[in-house]
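Reminder, nothing fancy here: chain letters follow the sequence lines and each chain counts from 1. None of the values given here were measured: they were computed from a predicted structure. Worth knowing before you read on, the calculation uses all heavy atoms, side chains too, and leaves out hydrogens, waters and symmetry mates.
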Amino acid sequence: MNQAQSSRFQEARYAFYLFRRNPVVLAGAIISMAALILSILSPYIVNPSLWRITDLTKRLCWNNHMINWGIRNVFDCGGSTYILGTDSYGRDLLKMIIIAIPLDMQISLEVVFSAVLIGVVFGSVAAYAGGIIDEFVLRITDIFLAVPGILLAIVMMVILGRTIPILTFAVLVTWWPTYVRLMRSQVLSEKEKPYVESLKAIGAGRFRILFRHIIPNSIYPIIVQATLDIGSVILTVSALTFIGLTPSPLLPELGTLASSGAQYVFTAPWLTIFPGLAILIISLGFNLLGDGIRDVFDPRLRR
Amino acid sequence: MSLTQGSEDRNRVVLRVSNLKLNFHTYGGDVKVLDGIELYVRKGEILGLVGESGCGKSVTALAIAGLLPQNAEILSGEILLEGKNLLAAKKEEIRKARLSEIAMVFQDPMTYLNPVIPIGKQISEIVESDRQLFLKPVIEELLNESSTSRAGYVERKKLERILKDGNVSKREFGKLAKLYAISMLRKVRLPDPERVYSMYPFELSGGMRQRAMIAMALARKPKILLADEITTALDVTVQAQILKLLRELKDQIDASIVLITHDLAVVAEVCDRVAVMYAGNIVEVADVERIFSNPLHPYTKGLLESIIRPDVVKDELKSIRGSVPNLINPPPGCRFHPRCPFAFGRCSIEKPNLIEAEPNHYVSCFLYG
Amino acid sequence: MVENLIEVKDLYKWFPIRSGLLGRVKNYVRAVDGVSFSIKTGETFGVVGESGCGKTTLGRTVIKLTEPTSGSIIYSGRDITKLKGRKMKEYKKKMQIVFQDPYASLDPRQTIGSAIMEPMFIHGLVRDRKEARSKAEFLLEQVGLNPDHFSRFPHEFSGGQRQRVAIARALSLNPEFIVLDEPTSSLDVSVQAQILNLLSSLRRKLNLTYMFISHNLAVIRQMCQRTAVMYLGRIVEIAETSRIFENPKHPYTVALLKSVPLPDPKKRKMLVSLEGDVPSPVNVPSGCRFRARCKYATELCADKAPELIEIEKDHWVECHYDIDFSREAKVNTITA
């Protein structure tokens, strides 16, 4: 299978070429990779249980003399250095952010992965089976799409409780219908292509056609959407925690961190700015990467 | 180049393309689409531009019409329309030329018609877009028509007055433009043109749409009408109708027609002269009878031999060996040499020029000097 | 050996047009509207007609790629119209199809080798991958491709080469009957001839029977022994191909032949023989469906639909009149 490999290798090289020629996409790829690597390495960089230790004597410190916030009441706790200062519980903000990133990434990846799975299964089955099954799946997604996502998540968390799994579940509930819709439309257009008919002509069964041919050919837009959504889910999750739907105000989670700093925004602006920046950079990174992947898979740019 | 010194018909040349080289930038590399096109079009003739897919015939037309895609880069050459170089002209001149001197009709009319505007309105909008430019042709056409139709004496007088004054209100011109559009639809033999005027593109059949596209092109009173594979998507019986229309229009309109096609039978049916293209070059140009009776270039010979005819049954169909080269890395020298049964040493080193092998019969091949 | 490999009797294929919330059937597209013919073992049977005449649907229905609305299809003496599942699979193996567009009829993500092996695995024709591979390589060679190309993807090939791959794939099941649906229409002139030569030599070598569907009369003339002319879902004339071309009996066939341009500037003709367009297969005209465009049409044509009648031996025409086209006059009524 040397030649197949060489063909595939050429494809990959070509994709990499498309990637490389666009510096913005490259930046996106680097940021996303960095976020993933940071999530994996985080426990080895910072002790993950550090967030429980509060020391109110060191609250709202700013020892970094590189940046002058121009605010009178900036405390200097001397001695130990806090590059990004300390938060209102006296914890090192930088360390909290490093602990927070894997948590946000984990929620986001769980939501997106489950949504993709649900979308691929239900979307493709609905489109391929058609008829009543299709109608049924469509109407259910309609119901979920009709309810405002954030509102639904808030209600669920208020009723079911504020825990991380429920937060994840609540976001997933609002997230999956778009994937079903997307996959369904992809499969609908793919199954009308002539090669599907030529597969029927050689006697290929429905399952072989669907799983071996149609799904692999319709998955690209899903991958693009998923990459874009990793950023969007992080945004949504931190929005929910920012408005107070967090298991604990102490929890190192980007939205919670930003939220707990909100009341000190005039005395200690770093408390909101840096977690906010982290959210911004990560979601921007995945968005750029998604755009890049879209370019790579865009048939108009291919041979 | 000898073509630019064309022997007897220098004065009748409307359009001349010389040494046109053009690349397409793609991610795979630069595609050398046109490699020094030499071409001229005489007044009032139908020139057939034939070749297989990817030979650059459509790109040549797009370059003439100024409709090249973003990734195209013209490396050298001139496109002279009545002596004026379109590649060097000012923006305003190019706009005018595109609006009123060069018109193009495409294979798939549905792509080029606006689906939500009635056919007739799309035609009258063209002339309304530049009242100055189209006033004269519109009124002349209407006068012409009123002399043969039942339009009254008063109408004629009014038209003549407008023509003399040279100005007309926007509203008045709108009315005239509508009449003009209807007369154009009549010209392409659409039945009941008044009704077709207010029909939407989807209400027309393929053949009728193609007629409407031709009407739209003719409305601009072009000097050159570029027809790119206009019958390819049509059925034979409808194709026959359109070809007949082209032949009839040739005598009625003031335009030269460049018919771009891959179908040599269509060329034989309607063209006066033929230019054969291969891989970005014009390889042979001659009168249509000459091309078919005495082809000189090996490619033309091969192409003619590989035609499948409905009137002759052959035991073994002939074809040209190999396939069309990839124009990212075209063969050196003559681009046809890898497939040519007569190729010799020089062919792979040097590129042959288009030379006049017989009077008015041009060929680019070293077999002829 | 059975003389007629395929017999089609009174075949209908109507596609419902649904509309509204409940998907009620409003009307039908009458793609194939009562067609009967037979294909002899070993011949190439041509089907010619303009777009929308139902020739493609006919080809697909004959090999049961789409289920017929009514009528019967008899393959080798056995009625396969109602066969389903495992029993049908046996016949599907014997009947293959090559499609028009070689760019779209192969899965873009599958290597051509895997595409050719897939049918063998589906039907269990090979014991293992190795055997499949050697057979696929043999097939590639047989259709004039380099067996080393086994692991390449379709986009690396030209249109002609892809069509060869499609042919190799159809051959992988050792079929007896192949429907060729416009196999060369999207190819260039010089390549077209190569593919047609390949198809002819394969037919001789492997004793295949073809149903050759095309709108191109020149190709039909080269390839087919017998030809059926279709118009708006019905066959209007069937005869030996030479008879169709030299002595056509249906006014539509005559018009079609007159419309074909010849690659010879000395033989220019006034091409136009038919005005107007093909009517929609949804609203089929009453009586003879060609009458609106037929210059010989009479009241009889509007009142009564003609039937396919054998006017000479093996020459069937669906027209009320026997028209002498050399003098352009109706000779006599052949149906009443």
Check: With a 3.5 Å cut-off and no angle check, do the side chains of A/Tyr195 and A/Glu190 form a donor-acceptor pair?
Finding: yes
Notebook entry, point to check: Any idea which of C/Lys92, C/Met95, C/Gln96, C/Gln100 has the most non-hydrogen atom pairs under 4.5 angstrom with chain A?
Noted result: C/Gln96
Item checked: C/Lys13 to C/Phe15 six-membered ring, cation-pi geometry met (6.0 Å, 45°) -> yes
Checklist line | Which portion of C/Asp107 sits near chain A, non-hydrogen atoms under 4.5 angstrom | finding: both
Item checked: Winner by heavy-atom pair count (cut-off under 4.5 Å) against chain C, out of A/His213, A/Lys200, A/Arg212 -> A/His213
Note to self: I'd like to verify something: which residue of C/Lys93, C/His123, C/Lys89 has the highest number of heavy-atom pairs under 4.5 Å with chain A?
What the structure shows: C/His123
Checklist line | C/Met88, CE atom: more than 12 neighbouring heavy atoms under 6.0 Å | finding: yes
Check: Which bit of C/Leu106 is near chain A, if near means a heavy-atom gap under 4.5 Å: side chain, backbone, both or neither?
Finding: backbone
Check: Do A/Gln186 and A/Ser218 meet the criterion of a side-chain donor-acceptor pair at a distance under 3.5 Å?
Finding: no
Next item on the list: Compute both the distance and the angle, then confirm whether C/Lys135 meets the cation-pi test with C/Phe138: under 6.0 Å from the six-membered ring centre, within 45 degrees of the axis.
Entry: no
Notebook entry, point to check: So which of C/Ile97, C/Leu65, C/Asp101 has the biggest tally of heavy-atom pairs under 4.5 Å with chain A?
Noted result: C/Leu65
Notebook entry, point to check: Counting heavy-atom pairs under 4.5 Å to chain C, which of A/Gly203, A/Ala204, A/Pro194 comes out on top?
Noted result: A/Pro194
Checklist line | Heavy-atom neighbours of A/Tyr179 OH exceed 12 at 6.0 Å | finding: yes
Notebook entry, point to check: Which atoms of A/Glu197 come close to chain C, meaning under 4.5 Å heavy atom to heavy atom: side chain ones, backbone ones, both, or neither?
Noted result: both
